[in-house]
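Written out below as structure tokens is the structure these notes cover.
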Amino acid sequence: MVDLLLSAAAAAGAESHEAVAPSAWGFDPGGWVALAMVAVILLMLRFKVPALVAGMLDKQIASIREQLDAAAALRKEAEALKAEYEAKMQASAAEAETLKAAASREADEIVKQAEASAVALIERRQKMAEDKIAAAERAAIADLRAMAAAAAATAARGIIAESHTATADKSLVDEAIAGL
């Protein structure tokens, strides 16, 4: 069947008018394209275009290498700065811990001193209160004695006034004079 189709197509092609491909100076269009390509390649070689392209590419490569080297240097510098700041942070943290411990010790000492001062103050005030109480007791005893003495003197006067009359006093005075 395939053979039948191929022979029919060949017969149809033979019967139709065959178009003639244009040609100039013996070159068909494909030949002209090939000839133009060869001319372009020769012109490019003549004007050293590949060398120019290679030079431009080399410059680009050198520029990229410089950028990569600069980036690597910046990275090293950034890593060094990072390490330096990490060390500073650790030192600061250690210093903060030291300061915190010192402040805690100082606060403990202040609390102990305050407790001791409070105890001493309480003792001083208690002693002052005891002294005031003792002074008040002495003053009360002295007042009581003065009142007792005054009451005794008043009572003695009353008793003497009742038991001694003028005649009894005269006889006592006469006895005292006679005894001298």
Side-chain angles (χ1 to χ4, degrees), residues 1-140:
M1 176 127 169
V2 173
D3 290 332
L4 185 61
L5 287 173
L6 287 176
S7 57
E15 295 175 6
S16 67
H17 292 28
E18 218 174 278
V20 177
S23 66
W25 296 311
F27 293 112
D28 61 349
W32 281 108
V33 170
L35 185 62
M37 279 300 277
V38 168
V40 167
I41 291 174
L42 288 175
L43 280 174
M44 287 174 61
L45 290 174
R46 167 76 175 118
F47 292 111
K48 299 181 183 181
V49 172
L52 289 174
V53 170
M56 290 187 334
L57 289 175
D58 287 342
K59 285 180 185 177
Q60 282 288 73
I61 290 171
S63 172
I64 291 170
R65 278 194 184 134
E66 287 176 7
Q67 290 175 356
L68 286 174
D69 291 342
L74 285 175
R75 181 179 178 149
K76 286 180 184 177
E77 185 178 332
E79 288 175 354
L81 284 174
K82 179 184 175 188
E84 179 183 341
Y85 283 111
E86 285 177 350
K88 285 182 180 179
M89 285 177 51
Q90 289 175 350
S92 295
E95 185 178 345
E97 285 297 321
T98 303
L99 289 175
K100 182 180 175 183
S104 177
R105 284 191 305 271
E106 187 175 333
D108 289 342
E109 289 176 14
I110 289 171
V111 167
K112 287 178 185 176
Q113 288 176 353
E115 288 174 350
S117 296
V119 168
L121 179 64
I122 290 170
E123 288 175 359
R124 279 195 310 269
R125 290 205 177 168
Q126 184 177 1
K127 184 167 178 9
M128 286 172 44
E130 289 173 355
D131 290 345
K132 283 183 181 180
I133 291 170
E137 284 178 356
R138 285 191 300 271

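With sequence neighbours excluded, the residues satisfying side chain to side chain donor-acceptor pair (under 3.5 Å) with E79 are R75. Under the rule for a side-chain contact (heavy atoms from CB on, under 4.5 Å), the partners of L45 that lie at least two apart in sequence or sit in another chain are I41, P50. Scored by the side chain to side chain donor-acceptor pair (under 3.5 Å) test, E84 finds K88 as partners (sequence neighbours excluded).
Counting only residues at least two apart or in different chains, salt bridge (Lys or Arg N to Asp or Glu O under 4.0 Å) contacts with residues 36-65 are absent. A salt bridge (Lys or Arg N to Asp or Glu O under 4.0 Å) check over residues 123-134, counting only residues at least two apart or in different chains, returns the pairs K127-D131.
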Pair up each side-chain donor or acceptor in residues 93-121 with any protein partner under 3.5 Å, not counting sequence neighbours, and list the distances.
unit_1, atom_1, unit_2, atom_2, d
T98, OG1, A94, O, 2.9
S117, OG, Q113, O, 2.9

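How far CE of M44 is from CG of L52: 10.0 Å, rounded to the nearest 0.5 Å. Taken to the nearest 0.5 Å, the CG atom of L68 stands 11.5 Å off from the CD1 atom of I61.
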